[in-house]
Protein chains: 2
Amino acid sequence: MYFNVEIYWLMEILLGIKINEKLYLRNPEDTVLGRKILKHSVELIYKLGFESFTFKKLAEKIGSTESGIYRYFENKHRLLIYITSWYFGWLAYKISFQTNNLKNPKIKLQKIIKLMALPIKDDKQTSYIDEGLLHSVIVAEGSKAYLTKQVDKDNKLQFFKPYKDLCNLIGDIILEYNPKYKYPKSLASTIVEVVHFQNFFMHNLSSLTDYSKNNNKVEIVGFLNNLVFSSLDKK
Amino acid sequence: MYFNVEIYWLMEILLGIKINEKLYLRNPEDTVLGRKILKHSVELIYKLGFESFTFKKLAEKIGSTESGIYRYFENKHRLLIYITSWYFGWLAYKISFQTNNLKNPKIKLQKIIKLMALPIKDDKQTSYIDEGLLHSVIVAEGSKAYLTKQVDKDNKLQFFKPYKDLCNLIGDIILEYNPKYKYPKSLASTIVEVVHFQNFFMHNLSSLTDYSKNNNKVEIVGFLNNLVFSSLDKK
DNA sequence: TTTAAATAATAGTAATACTATTAAAATAAA
DNA sequence: TTTATTTTAATAGTATTACTATTATTTAAA
């Protein structure tokens, strides 16, 4: 138990995942209850979907009370943004780390696409959050973090910085590969979004994709590589 | 009033927008109240966002009661699917109509991208639904129709047929243009989704895109044409 | 040791998403 | 034409949700 917490702090420093302080009332990383909230909210959102997920159900799951969770998060939407921030921070770290030693920007971009489309190979027990579940939650629920009437307010509070940072990171490598490319930002956000909804369609509305049941995740990588590099290599 | 209704029926036949009967308890097209529900729900979802939209508020707006609306729709999610069905049916019709006379599949695809990215030039008063508002609602709320835990059930009830039909229509033209292309379905769904979320980002999280404030909609067309044709033209 | 500050649980509220009951109106049968 | 029947609609009700306020308990400082 204590060991995991320590490991978490190590990862935190290593990962450099900084989560906007305005997202929470009380830092969930600081207490056992807070960490339980994070871990089990991912599990429960995965299980019930964000609409049916409530603080009361979460409280029951972790043996606390509704108001216990309200001490950490103002509402469930902020918790969702917290989770997506964590995800994008973690992804950006993973990408930085694994592309750091690479020189060729083409190989960098291919690595990025792979890391996003085929998640969880390493990071077995890096932290108390199950990254496999987290990825599924982001695919199905992530866009609900910004598809609201308060986007503008939330954006002004910098809540989407981790997402933007990731897109900027990808956008920079795109320009490194092709300095004349006209749409680096749009292509970067398109890569992220396409990975997510093609994943969703593959699992839930498969006739909207071309992937075979067995090799599906690999084929998303194929589609994205084709899409990205044909656009970047166009003379 | 009667005139609009007649026009609507004409459009309905002309458009061939067939909406799944399981989506409603009572056909909203058949009554004045039903048509009011459709028209004003688009307006109210646009104004409040889907989360804050309720049948009670809608009832107040149109001078009816909550249970009055429940006689037409089982819940607000079904109403959202109804609206998205209407949108994709209308889009598919528009596309079929405007590409019918075209021979060159490249020009067809370009027309499709234009029609989706630059909505509402014609269709001033074709029906009682404001297509301009409808487009905005689809951009911000459309994906919530399928991003739920009941996708699978809803899919088995054929609720997403209009979306799939549109993607198949686009996928067929993609194959017409390049019969050897490996990802016609994924590219088709990608076109639809990219148009929508690039539109959303442009208005709400503009740093995720490359479009200038003035010419933005045209530039989405530029980005998509680049993306689609560089992929399809790759040797 | 008393007091204050922080923490947590209990109970409460307005609003939401529906349902069930009852009333009124339209339609059909006798 | 009257009565029965079905349809339509409004009123009232309920469980749940998303919070808030109050009260109790623990911890820490003076």
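Letters A, B, ... are given to chains in the order of the sequence lines, protein chains preceding strands, and every chain is numbered from 1.
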Distance, rounded to the nearest Å, where A:F73 contributes CZ and D:dC19 contributes C1': 16 Å

Atom-to-atom span, CD of A:E60 to P of D:dT16 - whole angstrom: 11 Å

Audit row: B:Q198, A:S189, side-chain hydrogen bond (donor to acceptor under 3.5 Å, both in side chains) steps and yes/no: CA-CA 8 Å; B:Q198 286 290 309; A:S189 56; 3.1 Å; yes

Return the residues of residues 141-155 of chain B meeting this criterion: a heavy atom under 4.0 Å from some atom of DNA chain C. Order them by number, or give none. none

Using the rule given for side-chain hydrogen bond (donor to acceptor under 3.5 Å, both in side chains), can you reason through B:T31 versus B:Y72, listing the C-alpha separation, both sets of side-chain angles and the distance that settles it, and then say yes or no? CA-CA 10 Å; B:T31 64; B:Y72 289 82; 2.6 Å; yes

Parallel, tilted or perpendicular, judged at 30° and 60°: which one describes the rings of A:F73 and A:Y24? perpendicular

Does the protein touch nucleotides 8-22 of chain C at the base, only the backbone, or not at all? Give it as B, S and - per nucleotide, heavy atoms under 4.0 Å. BBB-----SBB----

Go through the steps to decide whether A:Y46 and A:D130 satisfy the test side chain to side chain contact (heavy atoms under 4.5 Å, CB included), and finish with yes or no. CA-CA 11 Å; A:Y46 174 78; A:D130 180 331; over 6 Å; no

Nearest-angstrom distance from the residue atom CG of B:L25 to C1' of D:dA9: 14 Å

Side-chain donor/acceptor pairs under 3.5 Å, residues 136-143 of chain B, sequence neighbours excluded:
{"from": "B:S136", "atom 1": "OG", "to": "B:G132", "atom 2": "O", "distance (Å)": "3.4"}
{"from": "B:E141", "atom 1": "OE1", "to": "B:K144", "atom 2": "NZ", "distance (Å)": "2.5"}
{"from": "B:E141", "atom 1": "OE2", "to": "B:F50", "atom 2": "N", "distance (Å)": "3.4"}

Could you state the atom-to-atom distance from CG of B:N27 to P of D:dT8 in whole Å? 13 Å

Using a strict cut-off of less than 4.0 Å between a Lys/Arg side-chain nitrogen and an Asp/Glu carboxylate oxygen, indicate whether A:K39 and A:E43 qualify as a salt bridge. yes

Main-chain N/O of B:F200 paired with B:N204 side-chain donor or acceptor, under 3.5 Å: yes

Checking B:Y163, B:F160, B:Y146 against B:F88 for ring-ring contact (aromatic ring centres under 6.0 Å, His included), the one that qualifies is B:Y163

Between A:R78 (CZ) and D:dC19 (C1'), how many Å, whole number? 14 Å

Length of the line joining B:I37:CD1 and D:dA9:P, which is rounded to integer Å: 10 Å

